[in-house]
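Reading through the structure tokens given below for one structure.
Chain identifiers are assigned alphabetically (A, B, ...) following the order of the sequence lines, protein sequences preceding nucleic acid strands; residue numbering begins at 1 within each chain. Small disclaimer: the values here were computed from a predicted structure and weren't measured.
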Amino acid sequence: MTIPAQLTEKLHVALKKVGLEVSDSKRIQIKPADDLRFGDYQSTVAMMMAKPAGRNPRELAAEIMEAIEIGDLAEISIAGPGFLNFTLTPKTWSAQARTQLSDPKLGVPTVEDPETIVIDFSAPNVAKPMHIGHIRSTIIGECLGRITSRLGHKVIKDNHIGDWGTQFGMVTWAWKQGVDEAALDEAPLQELLRLYRHASEASKKDEAIKDLCRHELVKLQQGDAENTEIWNRCLALSKKGLNEIYDRLDVSFDHWLGESAYNDVLGPLVERLEKENLARQSDGALCIFSDEKVKPKADPFKINRDGEWQDFPMIIRKKDGGFNYATTDIATFEHRANEFHADKVWIIVDIRQSGHFNQLFEVANRLGYDRLEMTHIAFGTILGKDGKPLKTRAGDLPQLADVLDDAVKAARAVVGAKSHLDTEEEKDELAELIGVNSVKFTELSHHRLSDYTFDLEKMVALEGDTAPYLFYSYVRARSIFRKLEEGASEQLQIENLNVTEPAEIHLVRMLTRYGDNVRTVLDDFRPNLLATYLLELARSFHSYFEACPVLKSEGQTRESRLLLCDLTSRVIKDGLGLLGIDVPERM
RNA sequence: GCACCCAUAGCUCAACUGGAUAGAGCAACGCACUUCUAAUGCGUAGGUUGCAGGUUCGAGUCCUGCUGGGUGUGCCA
């Protein structure tokens with residue numbers, strides 16, 4: 001039983017003794033104290049019960065304290081307006097640490113009812129190389145996938161690539177204007193980007209060219225041989241480029257079911273919707289309208305213009321006959337429900353698309369998929385130095401590969417100056433690890449909804465709350481074991497783990513919070529909570545490491561401290577692994 | 001206009017979902033290295049949590065109204 005559960009139970013019994021019946025044990029509210037001066041856990045039950053019982057909260061707290069049979073689990077004190085503070089004894093902490101050390105899962109809980117969860121993330125447009133804006137979905141998605149899977153769920157990671165949309169019409173048009181085969185051989189992604197930019201600029205200037213691009217897409221969607229051939233070549237080249245980045249980021253997928261994967265079902269799908277009166281013609285397009293069941297304000301199919309509520313339909317077939325992302329998105333969730341048997345679908349996409357998802361989820365309900373729980377996990381915008389969003393269409397975004405290269409270069413300079421590694425090859429490898437993971441960690445340590453300014457210098461800063469800080473704590477802990485005589489680490493006895501010093505106790509306190517922190521990430525899809533926790537853990541380890549000599553101590557103390565180093569290094573490695581970050585053994 | 005999101009130290013972010021004197025890092029200043037790897041630790045300084053009300057024993061957190069910023073708003077995704 002966990003410590004909070006034990007304390008809750010003991011409090012429950014004590015409350016009965018004092019003559020106060022608590023119907024809901026949640027009201028007892030044992031919480032970790034947010035300030036260590038107040039102990040490890042606190043209960044506000046005396047304050048909450050006092051008023052209805054017509055009692056003084058402090059007196060009530062004193063009675064409860066008298067009645068509770070705490071044994072040597074914790075020390076109790078009363079403070080402030082009536083807080084009951086529990087300070088766990090060193091004996092309790094030692095036992096907690098031993099339990100965690102002998103648990104292969106390090107205290108991370110497993111869910112009782114595993115679910116099948118589809119995570120839809122990254123989803124780049126394949127005609128263009130990934131730019132910095134793609135980092136958020138990619139990194140958050142991989143992290144959520146790892147955590148969800150660790151908690152015992154079945155996770156299906158799906159890269160819903162944009163391989164069928166308007167941008168393909170543009171690339172195809174430009175391709176036919178003149179593709180540079182030599183460049184395509186040399187640097188395929190750059191050549192595709194050139195084609196896209198060419199078409200983008202041309203169609204901005206000339207409405208007729210825009211129409212030609214649209215037409216190329218319609219031809220592709222209708223199976224035109226030449227366009228299909230071009231499409232196949234683009235797709236192969238793009239995927240190769242994307243995979244290089246994913247390998248570098250240590251991101252992987254179970255499926256790459258992009259928009260094109262659903263092409264064959266779009267026609268029948270749209271016919272079905274029209275036949276069942278879920279969609280109707282409007283201005284030449286086929287649209288899904290409001291069902292008028294909720295107030296306009298809460299209706300995703302309504303919009304207010306000049307004080308008047310008007311229809312705001314979801315277009316599922318354009319007047320040129322082409323399908324758009326709304327159509328493929330409907331086909332996609334049907335596939336996920338029917339073929340993947342998903343209980344939940346998490347879609348990790350920019351918050352700017354939230355309106356679209358409100359409509360999409362409503363469509364799912366109307367189609368009878370109300371048991372499929374779909375969530376749009378939104379994130380904020382990456383801003384330029386001017387405080388304005390980096391423009392997606394302008395084509396002047398830093399490419400992700402370049403950002404990673406720059407980060408590695410910056411890391412290489414620091415590694416060159418500070419590393420204890422022997423060879424240049426090892427240093428290059430370490431710089432790659434630090435550079436790439438600094439970019440990832442920067443992303444994961446921000447709240448997902450906050451906009452943040454893209455600042456390469458800050459991103460690769462290697463001091464303070466960064467990936468290298470965490471790496472360093474891990475490396476310090478592991479280096480101890482390299483100094484040990486052969487086989488000594490195997491002989492460590494878990495029973496000998498026993499903490500007494502404040503720095504040791506604080507370290508254990510942080511360590512035992514690991515499982516809870518992992519779990520809470522999924523409450524609101526917040527990897528930054530785990531990132532913050534790991535930084536705090538590392539901080540308490542560095543403090544401990546400075547305050548408590550390990551190898552210079554003797555006997556049981558030495559063994560106990562070695563075990564603490566072992567446990568800490570395991571938690572840090574495991575925690576970073578859940579964030580999608582690999583650790584170096586030396587640096 | 002309307003809808004949604006955001007506002008916490010100079011900067012970047014926390015605050016365990018309503019608890020005590022709002023915490024970290026960066027930047028600034030001071031102290032500690034022939035080291036268990038100083039990519040560190042210890043300390044100083046930095047706040048009317050955008051403003052005004054309300055609910056509550058108790059509000060950064062919930063409610064209302066403002067202010068400021070961002071995003072979206074029919075055939076892009």
Side-chain angles (χ1 to χ4, degrees), chain A residues 29 31-35 37-38 42 44 47-48 50-51 57 79-83 85 123 125 162 165-167 214 259 282-287 296-298 300 302-309 311-320 322 324-326 329 349-356 358 378 380-381 383 387-389 392-393 414-415 417-420 434 442 445-447 449-453 455 458 461-466 468-469 471-473 475-477 479-480 483 513 516-517 520 523-524 528-529 532-533 535-536 539 542-543 545-547 549-552 565 586-587:
Chain A
Q29 285 209 358
K31 289 188 173 179
D34 55 359
D35 190 324
R37 285 170 302 190
F38 305 127
Q42 63 182 31
T44 55
M47 288 181 290
M48 288 190 313
K51 199 178 185 191
F83 287 93
N85 291 333
N125 285 331
T166 306
Q167 83 281 3
R214 283 206 194 103
E259 294 165 347
S282 171
D283 294 340
L286 190 67
C287 306
K297 189 178 167 176
K302 291 283 185 186
I303 193 167
N304 189 304
R305 279 207 187 81
D306 303 323
E308 224 175 290
W309 289 100
D311 282 324
F312 179 56
M314 181 185 226
I315 294 165
I316 58 172
R317 192 179 61 213
K318 296 181 279 185
K319 64 182 170 193
D320 65 8
N324 56 16
Y325 73 114
D329 274 5
V349 174
D350 194 300
I351 192 167
R352 284 176 280 195
Q353 294 184 36
S354 58
H356 162 66
N358 287 338
T381 310
L383 306 173
K388 292 190 172 160
T392 319
R393 297 271 159 165
V414 180
V415 169
K418 295 191 172 174
S419 174
H420 289 67
I434 289 178
T442 301
S445 53
H446 282 88
H447 191 296
L449 281 172
S450 66
D451 299 342
Y452 68 88
T453 305
D455 183 338
K458 273 190 181 158
L462 304 176
E463 305 173 309
D465 284 349
T466 62
Y469 180 82
F471 289 167
Y472 186 54
S473 59
V475 165
R476 279 182 122 180
S479 80
I480 289 262
K483 290 203 167 8
R513 290 182 186 179
D516 227 27
N517 273 281
T520 52
D523 287 351
D524 195 30
N528 70 310
L529 295 177
T532 306
Y533 161 77
L535 287 167
E536 213 178 323
R539 205 167 293 126
H542 284 303
S543 288
F545 205 72
E546 304 263 342
V550 178
L551 295 175
K552 284 171 192 157
C565 287
R586 298 174 61 210
M587 64 192 281

Sugar-phosphate only, base, or nothing, as touched by [X] at under 4.0 Å among non-hydrogen atoms:
X      : result
A/I434 : base
A/C565 : nothing
A/A79  : base
A/T166 : sugar-phosphate
A/D523 : base
A/M314 : nothing

Does [X] put a side-chain nitrogen or oxygen below 4.0 Å from OP1 or OP2 of [N]?
X      : N      : answer
A/K31  : B/rG19 : yes
A/T520 : B/rU17 : no
A/R305 : B/rG74 : yes
A/K418 : B/rU40 : no
A/K318 : B/rC76 : yes
A/R539 : B/rU40 : no
A/S543 : B/rU40 : no
A/S450 : B/rC6  : no
A/N528 : B/rA14 : yes
A/Y469 : B/rG41 : yes

Checklist outcome for this item: A/I351 atom CD1 is separated from B/rA3 atom P, nearest whole Å, by 16 Å

Next on the checklist: One character per nucleotide, please: for nucleotides 54-60 of chain B, 5' to 3', B when the base has a protein heavy atom closer than 4.0 Å, S when only the sugar-phosphate does, - otherwise.
Outcome noted: ---B---

Which listed nucleotide ([options]) is nearest to the side chain of [X]?
X      : options                : result
A/L449 : B/rA39, B/rC5, B/rC13  : B/rC5
A/K483 : B/rU37, B/rG74, B/rA39 : B/rU37
A/R352 : B/rG72, B/rC2, B/rC76  : B/rG72
A/K297 : B/rC4, B/rA24, B/rA77  : B/rC4
A/L529 : B/rA77, B/rU37, B/rA14 : B/rA14
A/H447 : B/rC13, B/rC2, B/rG74  : B/rC13
A/I315 : B/rC75, B/rC13, B/rA20 : B/rC75
A/F312 : B/rA39, B/rU40, B/rG74 : B/rG74
A/S419 : B/rC36, B/rC75, B/rA39 : B/rA39

Next on the checklist: Any heavy-atom pair between the side chains of A/T44 and A/K31 that's under 4.5 Å?
Outcome noted: no

Next on the checklist: Would you say that A/R539 contacts A/D465 through its side chain, given a criterion of any heavy-atom pair below 4.5 Å between the two side chains?
Outcome noted: yes

Roughly how far apart, to the nearest Å, are [N] and [M] at atom [atom1]?
N      : M      : atom1 : result
B/rG65 : B/rA3  : P     : 10 Å
B/rC42 : B/rU21 : P     : 25 Å
B/rU17 : B/rC11 : C1'   : 28 Å
B/rA45 : B/rG50 : C1'   : 25 Å
B/rG23 : B/rG60 : C1'   : 12 Å
B/rG41 : B/rG46 : P     : 23 Å
B/rU71 : B/rC76 : C1'   : 16 Å
B/rC66 : B/rG58 : P     : 27 Å

Next on the checklist: Would A/Q42 and A/N85 count as a side chain to side chain contact (heavy atoms under 4.5 Å, CB included) here? Give the steps.
Outcome noted: CA-CA 5 Å; A/Q42 63 182 31; A/N85 291 333; 3.6 Å; yes

Next on the checklist: Test your reading of the model: is there a side-chain donor-acceptor pair from A/D320 to the backbone of A/G322, 3.5 Å cut-off?
Outcome noted: yes

Next on the checklist: Donor-acceptor check, side chain of A/N324 to backbone of A/I315, threshold 3.5 angstrom: yes or no?
Outcome noted: yes

Checklist entry - Paired stems touching RNA chain B, three or more consecutive Watson-Crick or G-U pairs with both distances under 3.5 Å? => result B:1-7 with B:67-73, B:10-13 with B:23-26, B:28-32 with B:40-44, B:50-54 with B:62-66

For the side chain of [X] and the base of [N], is some donor closer than 3.5 Å to an acceptor across the two?
X      : N      : result
A/D329 : B/rA77 : no
A/S282 : B/rG74 : yes
A/E536 : B/rA24 : no
A/H542 : B/rU40 : no

Next on the checklist: Does the structure show A/F38 stacking with B/rA20, if we require the centres to be closer than 5.5 Å and the planes to be within less than 30 degrees of parallel?
Outcome noted: yes

Checklist entry - Any stacking of A/F545 on B/rC36, going by centres under 5.5 angstrom and planes within less than 30 degrees? => result yes

Next on the checklist: Does A/V349 form a side chain to side chain contact (heavy atoms under 4.5 Å, CB included) with A/H356? I'd like the steps, not just the answer.
Outcome noted: CA-CA 11 Å; A/V349 174; A/H356 162 66; over 6 Å; no

